[in-house]
Amino acid sequence: MNHLVIAPILLPLVAGIVLLLLRRTPLPFQRGLSLIALLAQVGVALHLLQSVLEGPLRVYALGNWQAPFGIVLVADPLAAWMVLITALLALFALLYALRGGDQAGRHFHVLFQLQLFGLQGAFLTGDLFNLFVFFEILLLASYGLLLHGSGPRRSRAGLHFVVLNLAGSSLFLFAVGTLYGTFGTLNMADLAVHISRASADQQSLARLAGLLLFGVFALKAAVVPLHLWLPAAYAAATAPVAALFVIMTKVGAYGILRLDVLLYGDGALSDLLDAWLLPLALLTLGLGTLGVMASTELRRQIAWLVVISVGTLLTAFALGGVNGIAAGLYYLPHTTFAGAAFFLLADSLARRRGEHDDHFVPHARLADRRLLGGLFFIVAILVAGLPPLSGFIGKFLILRAALDTPDATAWVLAIVLGGSLLTIVALARSGSLILYRSHPAEHGTATGQLWPELLPATGLILLCLGLMIAAGPIDGITRLIAEQLMQPEIYIQAVLGGTGR
Amino acid sequence: MEALLSLLIGVMTACGVYMLLRGRTFPVVLGLTLLSYAVNVFLFAMGRLTIGRPPVIDEAVSQYADPLPQALVLTAIVISFGMTAFVIVLALKARAELGNDHVDGERE
Amino acid sequence: MSLLGLVLTIFVGSVLAAGIARLGRLHSAWLSGVVVIVALFQLWPMIAPVADGAIIIQRLGWMPAIGLDLVFRLDGLGLLFALLILGIGLLIILYARYYLSERDCMGRFYAYLLLFMGAMLGIVLSENIIQLLIFWELTSLSSFLLISYWQERSDARSGARMALAVTGAGGLAMLGGFVLLGEIVGSYELSVILQSGHIIRDHPQHLTVLILILLGAFTKSAQFPFHFWLPNAMSAPTPVSAYLHSATMVKAGVFLLARFFPALSQTPEWSWLVGGAGLATLLVGAIFALFKHDLKGLLAYSTISHLGLITLLFGIGTPLAAVAGVFHIINHAIFKASLFMAAGIIDHETGSRDMRQLNGMWKYMPHTALLAMVAAGAMAGVPLLNGFLSKEMFFAEAVSASTHLQLGWWLPALVTLSGVFAFAYSFRFIHDVFFNGEPLELPKTPHEPPRWMKVPVEMLVALCLLVGILPTLTVEPLLRIAAQGVLQTPLPHFDLAIWHGFSPALWMSIIALVGGGLIYSVRHPLFRFHDRVLLPYLQASKVFDFVLGTLFALARTVTGLIDIGSLQRMLAWFVAAALVLGIAGFVSGGAPLRGTADSLPLDGVSLVAALVLIAAAIGTVVLHRRRLISLTVMGAVGLIVALIFIKFSAPDLALTQLSVEIVTIVLLLLALYYLPQQQAPESAWLRRGRDLVLAVTAGGGAGLLSWAVLTRPLDSISDYFLANSVSGGGGTNVVNVILVDFRGFDTLGEITVLALAALGIYAMLERVELTGPDVDRYGRPWNPDVHPAIMASLTRVLLPLALLVSLFILLRGHNLPGGGFIAGLVTAVALITQYLANGSRWTRSRLPANMHPVIALGLLLATLTGLGSWLFGYPFLTSTFTHVHWPVVGDFELASAMLFDLGVYLTVVGATLLILIFIGLLHSNDDSASRPQEEAH
């Protein structure tokens, strides 16, 4: 019995419990434990991805109850891809937190590990209700992390985030209930089979449930008009938490993708999202760009950049086909790492500007402005998707994919490219405001202690460089993932072993 | 009976949503609780309504109520309990830090 | 030798230059020089084959799946530009070493310069157009760094931002064009594209592609109306201006025209767009150059004008015109670089660039003056200098074009006009600066610059003369190779003689010379006219700033309207979205609302209960401003929900609902102590109306949805659970078996949620001091700790009983209604009553306030039970059970799932108590000090 599939879920769970038990032990010990757990997780995630890319996808029947009756974990290439991205992101976020951010409040490491438990579970589970449970876990953990440390801004943003997501959970249950009440099952593969064969009488309820699920995932992914919670929440979170949160919108995008290509991948209902996804994605991209231009603080601007990245990602998914999905899956890790790096960098900047924090107002000239400015420049190029870095490749792939749907090509080209331009203009502006429009008086910390602080951000940037240099192989991987997704029967076969009941 | 239950679900949802849209934290919490009632009953009803046949295996009985939704609802109840507790305390924290109990912490 | 190596050499050099600067101020300068020389040596062996007409193509796999490889190409055109970039770059490096002052960081400058040089080489050596575009945008970015080199100067920053915005925008448009082009041609590689002219021209999207690509070329080479960024980029250090804004970056635009000449030209669209832009730019640049008092400003506008000239030549589209264009690219690079350097020297030695101050420099720096005058002569197109030759060809092409296109006289006329102004501003450059009386209040007393600062200028000026006098011996071979590379076809006949007889071109030159003199002589009234009439209106950069400003303002307005940080609005949007999606979904399905299944009969009791629930629910809403009452009424709703569960045969749910209900109400009561007991109506009628509509619609939706489902038959997987509960799960209470066995993973997740809630609350309340009111709303004082004696003693007696009950519920849970949750909640309630009855101080003295270990152990137990099954080679959470006979209890079943349930129990107890105790503790002020401090670190 090979337990590789469940390892990425159990590692953080056990780590979290142990950290809770040992909460009185010295801090370095706890930090070490947390870090080791994450390193192990990265290793496991790599191994898992490799094994599902080479071999067939892996199904893990919990409690040894076969699908569709028991809960199964399914590691298909997509899930493994997401797991790896999450683990890598979390590693660098944690590294940054170890520099003191984990002391802003209690239980940081427990909450952090359990948040990972929720994230990895959400990616790996093959059961719709279980997905709901993992959503709740990752949400509650994220509430705890978001409210880490205190302050009115944080409390207000937290309250909004929590209440809105609770409403979202209710909607999730309505959707799950409807699906169960219509098809009498909860296993995603089994549902996919039933939905593809839905009778004329069932189709109305099936469509309704599908669109409600879309609404739930759209809320998590911050799709316009359900994006309003994001800027305040991400801007209020502490740097490592904000960095980790960058993946949470991607969970929503992941859900939408599964909904589109697995649950409603076949049969009469496969057109479920056609009318909705692309327009909303482009709208999100557009409004996100406006938000970036309108921002007066760096963190909020980065939060809006996250909205843009969601819009871009969903544009790719909406274009669909192997090209579109593969483009999105290439863009996903890039935008995740770049956004997180930006949050970490912004924190380093803000903490050196004293009372001016991250507001776009002149401040005494920073001693470290050259180094910080250099990194700012690189990250700006990354997120704006300018050549030659990975962001450009991602956007180029999306533009190519847009050619496959002629009636959308013009829109996608115009909005994606226009977004890039306005983003770089806005970032050039904020960069020069925050770094260079300054009183001549030199001050700030010596460069000596700056480097270790910037290492996590640099590491994330290096990951993006890796994405660029290895673009060929990685494009190969994402294509493979996309091709698998375009044939849901592979997934269904693996889970149900037959054609279902 | 189905129609009546649907009506109850509808009423609870309506009241929950209306309270959810109030401007103060306490009504919002009540709204969330009402909404969770509605959701739980809805989810439970998705296994269809059965009277007097609890899903406890007994040689004498052949027909049982659908156990799965009951299990799901039990999970849902506990989860929403945890969530409610959290949001209540968050409301207290917000009031302490924002100085009032408006959801947007507006100055009074 | 490898072309990739050539480009990499420069990039590596850039990194080294940045690093080596630590060792010494001048190291990076020397290193850069060496790097460029090395690059030239790498290029050397490839010159001969290319001269023989070969096209060197080298490929390196990158993303073959999408036809995006690193492919380098060296043909005549690429060779010419590579030589220009490296050759002039070398001179610039030498010049800059003397130009930069002690305060300027050399390492950064040379790093940026080499970065730019590498990108530039990348453009001219690219075979793959996407790769070309990557280098293209890289030049925009690196030029941004170079222009804003003096980062503390705001004009430098704004100039750089403008250049980035304009050229970057062009680049992105070009990307769009290239993507479409690649789709049309089926390849991103030039060797294919240059052969596919006819396919492109016949394609419906031809015009779109053409415009998008031209946008890139025009913005880069500062063609009207995108010319304005170039003068603003003059805030860069002069070596940068000399390099980027004369010899290289702006030439990238015309390079692109030359590169795509075979594929895109030969259409009327091309002629009108390219020719038109070129002509407009030619005139605008020439005319405005005269009015600039700043030396570099004059040179900048003259550069614009000359780029327009080249663009116009490519627009004319005849092979001969293309040859002339290439020729002028060479000449302009040579004389304009030298002019900028001369201007830099003057600026450097006098501290001013204003031609109204700078006069009579001849006396102070005759050598420099001589050089500058020769170069200016070339710029004006004086015979025996290189500028003259290409200008003659240009005039000739203009004439022949207008004759065989029947354009009439206006094209030659306008071209001559531009020549007139070219002479005028060149005169001004020479006369105002070097003669025209004495200098006026200069910051420094002028003198000749250091010897080596002049060497680059001397070399370039020497070239001007050589090319101008002996064209056939010097430039012609290179020109032929390059033109070959542009046209990709046999060259037309041309000869570079200085004397072609009294051709129309010659007459045009003469008119330009004379007219230029006249214009210059009447310059002062013209200046006044310009300052009063033209200047206020004709400033493209103002337009740019306005557009950008409007965009940002628009963004602020829109965002401000949407994102006002109001939770109520967010929720309203969410509810509305859910409704739209749900309704759209159901309607699009087209099935009837009511299904076919028959429903249960209605009975009176249920009806009454239902009415009570409705009344209670609505009551909660109506009374919500009187919070205590509203809360109590809501409790009734919860109770009836429990009744519903009982009615429809779900005893476990009923028990859970009841116990959760109690705990929740207690929690809300505790909370209410810190919140206002009541509130005034605040929402406006309109808002309330909106909410009412949303709420009613949502309720109707939910009701109809459940009705639609309930009236349809269901075939579910549950029979399996009923069938396997006893045999496979070892329990008769199927719900419990599902919870701890079939779907135990859900349960594990859910107790994690509970634990997280407790920990989150605990973490959240750190450093939060809640203060409750001292008096209730009737003004009666709150008594912190008074508890009725009877209740106190009663609860103390009841506690063991309650605990026993909960244990019983826990154990029987597997077979009869009960289980970990309910047991846990009952225990919690029992203990809570101790708090309520005896007060927190009394209770905590007997009960540990720290529940963390309990939670942790509960979770651990549940997880370990799951992991246990690994030992037997089964998946996580696989359960096993057996029957043992205990003497007293009798036959008793032992299931591993019960251990799991025990974990659930512990977690529930721990989490619930942690939450309640913690909030309870907050209020008794005397306890605020004795709150659990164990998270001290």
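Side-chain atoms are counted along with the backbone in the values below, which use heavy atoms only and exclude waters and symmetry mates. Naming: A, B, ... by sequence-line order, numbering from 1 per chain.
- Residues B:Val56 and C:Asn733 meet the side-chain proximity criterion, which asks for heavy atoms closer than 4.5 Å.
- The aromatic rings of B:Tyr18 and C:His624 stand perpendicular to each other, their planes meeting at an angle above 60°, with 30° marking the opposite boundary.
- Of all the listed residues (C:Gly700, C:Pro651, C:Ala597, C:Ser606), the one sharing the greatest number of non-hydrogen pairs under 4.5 Å with chain B is C:Ser606.
- Both the backbone and the side chain of B:Leu30 come within contact range of chain C, each with at least one heavy atom under 4.5 Å from a heavy atom of that chain.
- Contacts of B:Pro27 with chain C are made by side-chain atoms alone, with heavy-atom separations under 4.5 Å and no backbone atom involved.
- Heavy-atom distances place the side chain of B:Leu72, and not its backbone, under 4.5 Å from chain C.
- Heavy atoms closer than 4.5 Å to chain C are found in the side chain of B:Leu4, but not in its backbone.
- Looking at B:Val39, neither its backbone nor its side chain comes within 4.5 Å of chain C, counting heavy atoms on both sides.
- Both the backbone and the side chain of B:Leu74 come within contact range of chain C, with heavy atoms under 4.5 Å apart.
- Salt bridge annotation for B:Asp101-B:Arg95: absent, with no cationic side-chain nitrogen under 4.0 angstrom from a carboxylate oxygen.
- Side chain of C:Arg712 to backbone of C:Ala708: a donor-acceptor contact under 3.5 angstrom is found.
- For a residue to count as touching a neighbouring chain, one of its non-hydrogen atoms must lie under 4.5 Å from one of that chain's; by this rule B:Thr75 touches chain C with backbone and side chain alike.
- Only the side chain of B:Phe42 comes within less than 4.5 Å of a heavy atom of chain C; its backbone N, CA, C and O stay farther away.
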